[in-house]
Amino acid sequence: MGRVLIVDDERGIRDVLEVLVSKEGHAVTLAASVDEAVRHMGSEVFDLVITDLRLEPDGDGIDVIVASRRMTPPPEVIVMTAFGTRERAQRAISEGASFYLEKGPHFAADMRVLVAQATNKRRLQAENEQLRRELVEKYSVGGIVGKSPLMREVLDIVDRVASLKATVLVTGESGTGKERIAKALHYGSAQRTGPFIAVNCGAIPENLIESELFGHKKGAFTGADEDREGLFAAARNGTLFLDEVGELPLTLQPKLLRALQERKVKALGAVEETDVDVRIIGATNRDLEEEVASGRFREDLFFRLNVVQIDLPPLRQRREDIPLLAETFREKYAREYERDVKSIDAQALERLLSFHYPGNIRQLENVIERAVALSTGPVLTLRQLPSEIASAESVPTRVFNVATDAPFPDEGIDLERMLEDFEYRLISTALEKAGGVKTKAAELLGVSFRQFRYKLGKYEKRKG
């Protein structure tokens, strides 16, 4: 049952309500003034507050309602009065009261009904919140949410390799959550108590990146006024996350290879190497195999980084995860911005499901953050969504009309072989249009690079 705070400056009313509410099985706390009510709300959690609208001498029921809104979570509120007016009722409701009751002949019976409605509503809210938390926990690893088959496969790999010290390469489009995967691997490992240091290899000027990663000694170059520890050393006993590792210049790649092989680094200007016990996780949105083939990335370094590969699917290929992700972001930003946003309406969710998200999860998170920031009530609607999403009609599709007027042969067909031949022609055409760039061909076909590579390999074997 619930916990109920009763606020009234008349002792007789407090006593009557205490008996009435206690008989329904609820725990009751009494307050005779606004100040006393506020003190109780500061130290206890209540499911329901029942307050008189007129309180002497330090305020009125509106002050109690406002104070109740500051509780987490805020309780249901019933306001009662012997001097009811439409304006006062509207004010109480606008401030957050759930019910407004005038004292009269049927006061006790009406109050009993309202108390039951309010506490049942609160119980259902708590149950729904618990179910939502269980759902998120069920479909998440290390803060990564996903119930789609593609993401369950990813999360299974994360779960299996997190405790190992193996080097991992995380691939996928921008915004798919590569750093979240890296953090999940770190915090699931024995190195979780050590530092997690992330560096964007594409954001550091080429003439500074060696010093940034490996450090330098005083006098090693102009401006090196003191010894400086590099990120490899700073991440010792922890994890170094090399984001956009495909952007590393060729001249630096041999030194990174040695650091991975020997677990030793040599600072610029140093004579001796230093041991570093650090786990390396790389990430890229490039096809490193193509980079190797074009001579822009060392093959031996690729193999050393790619001990375990985790390929993150784009959001458009895991649409069943969108409601779960949207709900997670709604809760996050409602709490962060202190907004009483409890849900996303069905029409808005339908539009969210229909959008193609070129920016992937990062874009969806920005959309929900914006919606919460612009919210004016407890439910997010189309009005808070960007126009390009609010006006979306359906999931974009790219479908060929393969129907022909040719009669169906009497002897039948080999459907599986025909579908394979058609799929192979599409793959070949996409590769041709992409100028041989596999990542671009995969994008043209609307599949992940891993799926594309698997299918291409299968057909190349058949051809051979």
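Keep in mind that what you see is a predicted model, and the values were worked out from it rather than measured. No hydrogens, no waters, no symmetry mates; every other heavy atom, side chains included, goes into these values.
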Item to check | Plane angle bin for His40 and Phe46 - parallel if under 30°, tilted between 30 and 60°, otherwise perpendicular | outcome: perpendicular
Checklist entry - Going by the angle between their ring planes, with limits at 30° and 60°, are Tyr357 and Phe355 parallel, tilted or perpendicular? => result perpendicular
Checklist entry - Just checking, is any N or O donor in the side chain of Thr171 or Asp311 under 3.5 Å from an acceptor N or O on the other one? => result yes
Item to check | Residues Arg112, Asp110: salt bridge by 4.0 Å N-O rule | outcome: no
Next on the checklist: I'd like to know if Glu76 pairs up with Lys121 as an ion pair, taking the criterion as any Lys NZ or Arg NE/NH1/NH2 lying under 4.0 Å from an Asp or Glu carboxylate oxygen.
Outcome noted: yes
Item to check | From NZ (Lys178) to CD1 (Ile281), nearest 0.5 Å | outcome: 13.5 Å
Next on the checklist: Can you confirm whether Arg383 is buried at CZ, in the sense that more than 12 heavy atoms of other residues, nucleotides or ligands lie under 6.0 Å from that atom?
Outcome noted: no
Next on the checklist: If we check salt bridge (Lys or Arg N to Asp or Glu O under 4.0 Å) with Arg286, which of these qualifies: Glu173, Glu247, Glu244?
Outcome noted: Glu247
Checklist entry - So, are Asp35 and Arg39 salt-bridged, with charged N and O less than 4.0 Å apart? => result no
Checklist entry - Are Lys332 and Glu369 close enough for a salt bridge, meaning some N to O gap below 4.0 Å? => result no
Next on the checklist: Less than 4.0 angstrom from a charged side-chain N to a carboxylate O is my criterion; do Glu327 and Arg330 meet it?
Outcome noted: yes
Item to check | Exceeds 12 heavy-atom contacts within 6.0 angstrom, atom NZ of Lys165 | outcome: yes
Checklist entry - Does the pair Lys438/Glu289 count as a salt bridge with the N-to-O cut at 4.0 Å? => result no
Item to check | Residues Arg91, Glu95: salt bridge by 4.0 Å N-O rule | outcome: yes
Checklist entry - Taking all non-hydrogen atoms of both residues, which atom of Leu353 and which atom of Pro323 are closest, and how far apart? => result CD2-CD, 3.8 Å
Checklist entry - Looking only at heavy atoms, what is the nearest atom pair of Met111 and Leu101, with distance? => result CE-CD2, 3.7 Å
Checklist entry - Any side-chain heavy atom of Val245 sitting closer than 4.5 Å to one from Leu169? => result yes
Checklist entry - Taking it one step at a time, do Leu48 and Arg3 satisfy side-chain contact (heavy atoms from CB on, under 4.5 Å)? => result CA-CA 7 Å; Leu48 171 63; Arg3 292 184 56 82; over 6 Å; no
Item to check | Carboxylate-amine/guanidinium proximity below 4.0 Å for Arg54 and Glu10 | outcome: no
Item to check | Ionic contact status for Asp15 with Arg11, cut-off 4.0 Å | outcome: yes
Checklist entry - Can you tell if the side chain of Val278 reaches within under 4.5 Å of the side chain of Thr239, non-hydrogen atoms only? => result no
